[in-house]
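This report refers to the structure that appears directly beneath it.
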Number of protein chains: 2
Amino acid sequence: MSEIITYKEVLNHKGLKNTRHRNSILELLETSTQPLTADQIYLALVNQKISINLSTIYRVLNTLVENGLIIKTNTVSDNKTLFELNSFEHKHHLVCMECKKITMVDECPFEEYEKKLKEKMGYTILGHKLEIYGVCKSCREKENNGKSIV
Amino acid sequence: MSEIITYKEVLNHKGLKNTRHRNSILELLETSTQPLTADQIYLALVNQKISINLSTIYRVLNTLVENGLIIKTNTVSDNKTLFELNSFEHKHHLVCMECKKITMVDECPFEEYEKKLKEKMGYTILGHKLEIYGVCKSCREKENNGKSIV
DNA sequence: AATGCAAATGCAAATCATTATTATTTGGAG
DNA sequence: CTCCAAATAATAATGATTTGCATTTGCATT
């Protein structure tokens, strides 16, 4: 836990009960460097000798999304739903097409662009999602040992 | 058909047979102002008194994606796959959170940003996807007739 | 510490989008 | 017109996610 505030307090404040499952899921997402699928969470917890049902994971994830503690995303390549802790910071995803790893980037070049869209299209802009696809350093190096396609 | 080239020719060139189903799906996507789900395509065709099977639609869509004629996307809100004609132009999606309508925008402010990411993260950038969320003009106006939340 | 009750969980079955299988039909080359 | 590979229909299978219902648990109150 990187904050002084514990999940127990956060959950309480939202009127949610402080259960071991909610805590272990939140803790797992906190230590993870990237968004996880429900299934990945399930496997990770089972690995930690925690007995939990997959449907419970889905239910916990959904309540946490509804209460703004975590964020739901989905990938373009495969059709899976990913969950990550809501850091309340504006982040974008850098997705490696080879190893599928996701890296977070926090720089965002958009204020200008959004203003333009607002004027041109008459939209009220609420937010955006940006995913950038590429090949990460280590995958590119692996490939260069063989033939270089990219 | 907005081009001199017919779909028949395009399909031929790709070594694909020119079937009525492929044509009706391509024509439907051409007239559509926004990406469609397999199911929406199915309903639209049935509406046109065209007898077609849903699995055929999926199969046709997948071959068309493989051959670069159409593009696969997916929505953040619900877990559905969307298909749109590949215009071979770089476009982004402007998504209305009220009516879920998608508008295309062609301006893209990214060359600079991608260069930066390449240097900083060591990534080879292949492409990106940007979705912008907001409320479209007509939805905002509808809302203002009641109470204005947004 | 014991009680009560709503909320949370486990388990199994249901649902939904998508894919695979197989028999039948069709486009189009010859 | 004939033939065959490719395309399609119909149906079953799959995999992710949701739901119904019985049981358990958190926690406020006694």
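Just so it is clear: chains get the letters A, B, ... in the order the sequence lines come, proteins before strands, and each one is counted from 1. Keep in mind that this is a model prediction, so the values were computed, not measured. The figures that follow rest on heavy atoms only: side chains count, while hydrogens, waters and symmetry mates do not.
B/Leu11 places its CG atom 10 Å from the P atom of D/dT8, with the value rounded to the nearest Å. One interatomic measurement links the two molecules: CG of B/Asn23 to C1' of C/dT26, which rounds to 14 Å at whole-angstrom precision. Between the P atom of C/dG28 and the CD atom of B/Glu9 lies a distance of 13 Å, rounded to the nearest Å. Rounded to whole Å, the distance from CG on B/Asn18 to C1' on C/dA29 is 14 Å. We find that CG of B/Leu61 is positioned 10 Å from P of C/dT18, with the value rounded to whole Å. Following rounding to the nearest Å, A/Lys80 (NZ) and C/dA17 (P) show an atom-to-atom distance of 19 Å. What separates NZ of B/Lys14 from C1' of D/dA6 is a distance of 18 Å, to the nearest Å. In this structure, B/Glu66 places its CD atom 14 Å from P of D/dA6, rounding to the nearest Å.
Between A/Glu84 and A/Ile70 the shortest side-chain heavy-atom distance does not fall below 4.5 Å. Looking only at side-chain heavy atoms (C-beta outward), B/Leu28 and B/Ile41 come within less than 4.5 Å of each other. Considering only heavy atoms from C-beta on, B/Leu11 comes within 4.5 Å of B/Leu69 through its side chain.
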Only pairs under 3.5 Å count here: list side-chain donor-acceptor contacts from residues 47-62 of chain A, not counting sequence neighbours, and write none if there are none.
unit_1  : atom_1 : unit_2  : atom_2 : d
A/Asn53 : OD1    : A/Ser55 : N      : 3.0
A/Asn53 : OD1    : A/Ser55 : OG     : 3.0
A/Asn62 : ND2    : A/Tyr58 : O      : 3.3

Show me, pair by pair, the donor-acceptor contacts under 3.5 angstrom made by side chains of residues 12-22 of chain A, not counting sequence neighbours?
unit_1  : atom_1 : unit_2  : atom_2 : d
A/Lys14 : NZ     : A/Asn67 : O      : 3.1
A/Thr19 : OG1    : A/Arg22 : N      : 3.2
A/Arg22 : NH1    : A/Lys17 : O      : 2.9

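A donor-acceptor pair under 3.5 Å links the side-chain atoms of B/Asn86 to the main chain of B/Gly68, judged by distance alone.
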Encoded 5' to 3' (Watson-Crick or G-U under 3.5 Å; [ ] crossing; | other strand), DNA chain D becomes ||||||||||||||||||||||||||||||

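For residues 38-50 of chain A, proximity to DNA chain C is found at no residue, defined as any non-hydrogen atom under 4.0 angstrom from a strand atom.
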Any protein N or O atoms within reach of nucleotides 4-7 of chain C? Criterion: under 3.5 Å, listing atom names and distances.
unit_1 : atom_1 : unit_2  : atom_2 : d
C/dA6  : N3     : A/Lys17 : NZ     : 3.3
C/dA7  : O4'    : A/Lys17 : NZ     : 3.2

Show me the protein contacts with nucleotides 19-24 of chain D, counting only N or O atoms at under 3.5 Å.
unit_1 : atom_1 : unit_2  : atom_2 : d
D/dG20 : O6     : A/Arg59 : NH1    : 3.3

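The distance from the OG1 atom of B/Thr73 to the NZ atom of B/Lys80 is 14.5 Å, given to the nearest 0.5 Å. Taking OH of B/Tyr7 as the reference point, atom CD of B/Glu27 lies at 7.5 Å (rounded to 0.5 Å). Here CD1 of B/Ile25 is found 10.5 Å from CG of B/Leu36. Values are rounded to the nearest 0.5 Å. Taking CG of B/Leu64 as the reference point, atom CG of B/Leu26 lies at 5.0 Å (rounded to 0.5 Å).
In terms of the side chain to side chain contact (heavy atoms under 4.5 Å, CB included) criterion, residue partners of A/Val46 (sequence neighbours excluded) are, by chain and number, A/Tyr42. With sequence neighbours excluded, the residues that form a salt bridge (charged side-chain N to carboxylate O under 4.0 Å, His left out) with A/Lys115 are A/Glu112. Residues satisfying the side chain to side chain donor-acceptor pair (under 3.5 Å) test with B/Thr37, not counting sequence neighbours, are B/Gln40.
Looking at which nucleotide of DNA chain C each of B/Thr19 and A/Thr63 is closest to, the 5′-most match is held by A/Thr63.
Proximity of B/His21 to the phosphate of D/dA9: a side-chain N or O atom is located under 4.0 Å from OP1 or OP2. In terms of phosphate contacts, A/Asn53 brings no side-chain nitrogen or oxygen within less than 4.0 Å of OP1 or OP2 of C/dT9.
Contact record, A/Lys72 with A/Phe83: CG-CE2, 3.8 Å, taken as the closest heavy-atom pair.
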